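What follows is a single structure, written as structure tokens, with notes after it.
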Amino acid sequence: MQITVHRGNQIGGCIVRIDCKDDSIVIDMGSNLPEGDHKASNELAPQDVADVVNGCNAILYTHYHGDHIGLMRFIPKDMHEYMGEGMKEVTETMCKRLTRAYTHHKEEKDSDKTEELARLNDKEHFHTFKPYEILHFGNIKVTPIPASHSAFDAYMFLIEAEGKKILHTGDFRLHGYYCENFLRTLAEWGKDIDILIIEGTMINRDGKGQEVHVKSEMELLDEFYNTFLEEKYNLVLCSSTDADRIASIYNAAFAAGRHPQIDRGSFADDVLKIFTKRAEGRKLYDFSYVERIPKRLKERTKPDLAYFNAGKKDGFVKIVTSGFFHKDRNGESGFTRMCGKSKHHFQMIFSIWNGYYEEGRKTQLERYKDVRTLLDEKGHKFKAIHTSGHAKISDISKVCRITKPKCIIPIHKEAKADFSTIPGIKGLECIIAKTNCNINDINIVLLQYDQS
Ligand SMILES: [Zn+2]
Ligand SMILES: [Zn+2]
């Protein structure tokens, strides 16, 4: 058996291929994460993607973030691909929106997802799976195990073949909602693991390999609640495909007596409907109580009307997405109009990674420049409330100790992030694959690509 990891020593764009005697699978086909507004350099070319998947039985996706599905359009059309049902529905909605933006508003060519949509709708080659549904690819058996991440319907994969067991964690965390059963599941399913392929995004976040405090989604809920009590009118910027975060925001709004609102017909509205439909007993993901506000027309002319009338007495919490900051030809955005024309003071809360908006950061996005200045000028408040979608060091250690693998292959991490310094891993009798090696007849090949 051979496990080939492409780009394991970087955050995002990691691809894993598992080859057995007659069968093989590939996990994820994501693109390099961009740095700020700059496109990632040295991306895989269509031919590279075709070479990576050549002859494999299937390509499986852990979740819908771009650094995991971004290169799917280069996969040859006759290959078979697999996604979770909810994951596929959100991906499709996302692709439709982006393509519409490309067609109607002449957005960048990258927004054209016609190719991805055709692929997702190809019933013969694109398939879905359910949690714990066992998939067979020749002699390879794969069990998708639901994982908590900042994406809905994300998975880990347990791969069994030639008498070996491999667990691929994908992106995951243990400080989100509905994580209670996960460790129990892992203790049951993750026994006798030969190879653990695990993400290490949070390792070395402080540059020293030490644990940094990571707030849980529950702590965030409290923080949102207290924040909403302070101010009546609240706009929150967050990812519209992160069900946990939206649950924290709207549940806090509800508890604080503010109207939870969303633009009717927006992308976020479509995604909330998918979460609600697929909540399956997880009450936090049922967003049917959210007020859908008829949008745009009023926002353009009198920004106050659309929101403030609807939640005038009790106040409101409205989720906005990056589009709210998108400047038109006149240099105006929904945000600048709101700041300029609103007669009421409001609170702008950023619930995204601080690298996207902090002044002077290399990763800062153009659309978030001067947001703070404008808010200050007009007397509106700014607040940042956010936590990571990735496992903290102690939780990575926990997963390693439960699964007791013979070998750990770290992926989705900074090049200098070192797993051997993690407390709790040192004592384990396992090898951390840093170079090509052979463990119990499994050939491990680590391929790095120059990102410069
Ligand atoms: Zn990722
Ligand atoms: Zn992710």
Side-chain angles (χ1 to χ4, degrees), residues 6-7 10 12-17 24-35 37-129 135 137 144 151-155 157 170-171 239-241 266-268 270-271 274 321-323 326 449 451:
H6 300 261
R7 313 197 285 197
Q10 59 177 65
C14 311
I15 302 158
V16 173
R17 176 167 173 138
S24 41
I25 55 166
V26 170
I27 298 173
D28 285 341
M29 190 48 76
S31 40
N32 282 334
L33 286 170
E35 188 165 276
D37 291 304
H38 308 287
K39 270 192 207 124
S41 54
N42 200 22
E43 189 47 278
L44 297 185
Q47 188 54 47
D48 299 328
V49 174
D51 290 344
V52 171
V53 300
N54 186 29
C56 78
N57 301 47
I59 298 108
L60 294 106
Y61 298 102
T62 56
H63 64 288
Y64 48 61
H65 285 156
D67 60 318
H68 297 260
I69 66 165
L71 298 178
M72 66 185 276
R73 67 183 182 281
F74 296 147
I75 294 171
K77 289 189 174 60
D78 57 347
M79 312 282 318
H80 290 275
E81 294 169 83
Y82 287 77
M83 266 185 189
E85 289 177 348
M87 189 195 308
K88 183 178 175 239
E89 212 170 333
V90 174
T91 308
E92 225 175 307
T93 309
M94 205 152 53
C95 289
K96 275 185 197 156
R97 280 281 162 173
L98 284 166
T99 307
R100 199 151 80 195
Y102 169 71
T103 329
H104 294 296
H105 307 295
K106 294 280 165 270
E107 291 279 340
E108 280 187 55
K109 180 79 183 115
D110 281 359
S111 301
D112 181 13
K113 302 290 173 194
T114 318
E115 179 61 43
E116 280 84 348
L117 281 169
R119 192 172 280 283
L120 288 159
N121 288 314
D122 177 357
K123 288 192 176 64
E124 206 186 315
H125 295 100
F126 212 101
H127 316 271
T128 55
F129 54 75
L135 309 164
F137 304 104
F152 184 70
D153 200 33
Y155 290 89
F157 293 121
D171 289 0
S239 153
S240 46
T241 57
S266 63
F267 170 58
D270 288 352
V271 176
I274 299 172
T321 52
S322 57
H326 213 100
Y449 296 73
Q451 274 226 70

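None of the values given here were measured: they were computed from a predicted structure.
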Requested in this report: Determine the minimum heavy-atom distance between D153 and E85, stating which atoms define it.
Outcome: OD2-N, 3.5 Å
Report task. Kindly say whether G30 contributes a backbone atom to a donor-acceptor pair with the side chain of D28 at under 3.5 angstrom? Result -> no
Query - Step-by-step side chain to side chain contact (heavy atoms under 4.5 Å, CB included) determination, M83 to I69 - result: CA-CA 10 Å; M83 266 185 189; I69 66 165; 4.0 Å; yes
Query raised in the report: So how far is it from R7 CZ to S31 OG, rounded to the nearest 0.5 Å?
Result: 7.5 Å
Query raised in the report: Just how far is it from atom CD1 of I15 to atom CG of L44, taken to the nearest 0.5 Å?
Result: 5.0 Å
**Report entry** Partner set under ring-ring contact (aromatic ring centres under 6.0 Å, His included) for F152, not counting sequence neighbours
**Finding:** F275, Y285
Query raised in the report: Do L60 and L135 have side-chain heavy atoms sitting under 4.5 Å apart?
Result: yes
Report task. Would you kindly say whether H68 and D171 are connected by a side-chain donor-acceptor distance under 3.5 Å? Result -> yes
**Report entry** R119: which of H125, M79, M72 passes side-chain contact (heavy atoms from CB on, under 4.5 Å)
**Finding:** M72
Requested in this report: For the residue pair T93 and D270, confirm or rule out a side-chain donor-acceptor distance under 3.5 Å.
Outcome: no
Report summary line: Note: G12 and N32 closest approach over all heavy atoms is O-OD1, 4.3 Å
Query - For F137, all residues meeting ring-ring contact (aromatic ring centres under 6.0 Å, His included), sequence neighbours excluded - result: Y82
**Report entry** Full working for side chain to side chain contact (heavy atoms under 4.5 Å, CB included) between I59 and I75
**Finding:** CA-CA 9 Å; I59 298 108; I75 294 171; 3.7 Å; yes
When the side chains of residues 48-55 are checked against the rest of the protein, which donor-acceptor pairs come out under 3.5 Å, sequence neighbours left out?
from, atom 1, to, atom 2, distance (Å)
D48, OD2, A45, N, 2.8
D51, OD1, Q47, NE2, 3.0

Requested in this report: Decide yes or no for Y155 and H63: does some side-chain heavy atom of the first lie under 4.5 Å from some side-chain heavy atom of the second?
Outcome: no
**Report entry** Inter-residue atom distance Y449.OH - E43.CD, 0.5 Å rounding
**Finding:** 10.5 Å
Query raised in the report: How many angstroms lie between atom CE of M29 and atom CZ of F74, to the nearest 0.5 angstrom?
Result: 11.0 Å
Requested in this report: Quick one: pull up OG in S322 and CZ in F267 and give me the separation to the nearest 0.5 Å.
Outcome: 9.5 Å
**Report entry** Cationic N near anionic O, under 4.0 Å, E124 to K77
**Finding:** no
Requested in this report: Please answer whether the main-chain N or O of L117 pairs with a side-chain N or O of N121 as donor and acceptor at a distance below 3.5 Å.
Outcome: yes
Query raised in the report: Would you say the side chain of M94 lies within less than 4.5 Å of the side chain of Y64, judging by non-hydrogen atoms?
Result: yes
Query - From CA spacing to verdict: side chain to side chain contact (heavy atoms under 4.5 Å, CB included), T321, S266 - result: CA-CA 10 Å; T321 52; S266 63; over 6 Å; no
Query raised in the report: Given the rule in the side chain to side chain contact (heavy atoms under 4.5 Å, CB included) test, do Y61 and K88 qualify, once you have shown the distances and angles that lead to the verdict?
Result: CA-CA 10 Å; Y61 298 102; K88 183 178 175 239; over 6 Å; no
Query - Nearest-0.5 Å distance, SG of residue C14 to NE2 of residue H6 - result: 11.0 Å
